[in-house]
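Here is the structure we will look at.
By convention in this document, chain letters (A, B, ...) are assigned in the order of the sequence lines, proteins followed by strands, and residues within each chain are numbered from 1.
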Amino acid sequence: EAGVTQFPSHSVIEKGQTVTLRCDPISGHDNLYWYRRVMGKEIKFLLHFVKESKQDESGMPNNRFLAERTGGTYSTLKVQPAELEDSGVYFCASSLTIQETQYFGPGTRLLVL
Amino acid sequence: EDKVVQSPLSLVVHEGDTVTLNCSYEVTNFRSLLWYKQEKKAPTFLFMLTSSGIEKKSGRLSSILDKKELFSILNITATQTGDSAVYLCAVPLRAGSYQLTFGKGTKLSVIP
């Protein structure tokens, strides 16, 4: 069974540009989560989808971040326009049901210059 | 405020040593505590603990939860260089959403 995959693995962009990150959850997992780790800090929750619906987006830092999960399969996280403080590792995780273990992808390392 | 605190932040040991990693938490509506191992990329799941005093074991790794004192420990016996990683402790928060709150992690380095 394939695990959670994320694309790209690394992205370097300039301040003000737009970046879109993609996450493909484990097949059949209705729950999809986005997290972020900025340097020196702990991994922090961004938002949670159940199928195509946003269950909880309380962790989204501001309106420059837009997450979608059309069709309830893969998800994208767009940052527009990117700022220096958006640099970090963006992780995606999925779980079969809300109570079950979340399995993480390898992360996308974003660097905003 | 809900929080998860891990200690130590960093640890260097020699192969064969036994290590104990600590995780304390302060959360409302506690349901479970999870341990993950992060080597280069994806955090990989190790244990989920829900009941106090029941040890979970996987090979040389074991973990136990104390819900009265609000902490968990992760033990690794006879460490190997392949155990070198960041070990993350996480607790799901809030009813209706299982967002995980993580500690900063313990970076374990095992040297030959």
Phe104(A) and Leu88(B), any side-chain heavy atoms less than 4.5 Å apart: no
Shortest non-hydrogen contact from Gly105(A) toward Ala42(B): O-CB, 3.1 Å
Nearest-0.5 Å distance, CD of residue Glu57(A) to CD of residue Gln99(B): 12.0 Å
Cluster overlap Leu46(B) with Leu108(B), hydrophobic side-chain contacts below 4.5 Å: yes
Hydrophobic cluster partners of Leu77(A) (side-chain heavy atoms under 4.5 Å): Ile13(A), Val19(A), Leu21(A), Leu32(A), Trp34(A), Leu46(A), Leu47(A), Phe49(A), Met60(A), Phe65(A), Val79(A), Leu84(A), Tyr90(A), Leu110(A), Val112(A)
Proximal component of Gln99(A), with respect to chain B [non-hydrogen, under 4.5 Å]: both
Hphob cluster co-occupancy, Ile26(A) + Val50(A), side-chain heavy atoms under 4.5 angstrom: no
Structural part of Gln38(B) lying under 4.5 Å from a heavy atom of chain A: side chain
Positions in residues 61-77 of chain B that reach chain A, provided some heavy atom is under 4.5 Å away: none
Counterpart residues, ring-ring contact (aromatic ring centres under 6.0 Å, His included), relative to Phe30(B) (two or more places apart): Tyr25(B)
Within 6.0 angstrom of Lys54(A) NZ, more than 12 heavy atoms from elsewhere: yes
Lys56(B): partners by salt bridge (Lys or Arg N to Asp or Glu O under 4.0 Å), with sequence neighbours left out: none
Contacting region of Ser95(A) [heavy-atom separation from chain B under 4.5 Å]: neither
Co-membership, hydrophobic cluster, residues Tyr36(B) and Leu96(A), 4.5 Å side-chain: no
Distance in Å, Leu100(B) CG paired with Glu42(A) CD, rounded so as to fall on 0.5 Å steps: 13.0 Å
ILVMFWY cluster, Ile98(A) and Leu34(B) together (side-chain gap under 4.5 Å): yes
More than 12 heavy atoms from other groups under 6.0 Å of NZ on Lys15(A): no
Leading residue by heavy atom contact count with chain B [cutoff under 4.5 Å; candidates Pro106(A), Ala93(A), Gly40(A), Gly107(A)]: Pro106(A)
Atom CZ of Phe7(A) with >12 non-hydrogen neighbours under 6.0 angstrom: no
Distance, nearest 0.5 Å, that separates CE of Met48(B) from CD of Gln102(A): 8.5 Å
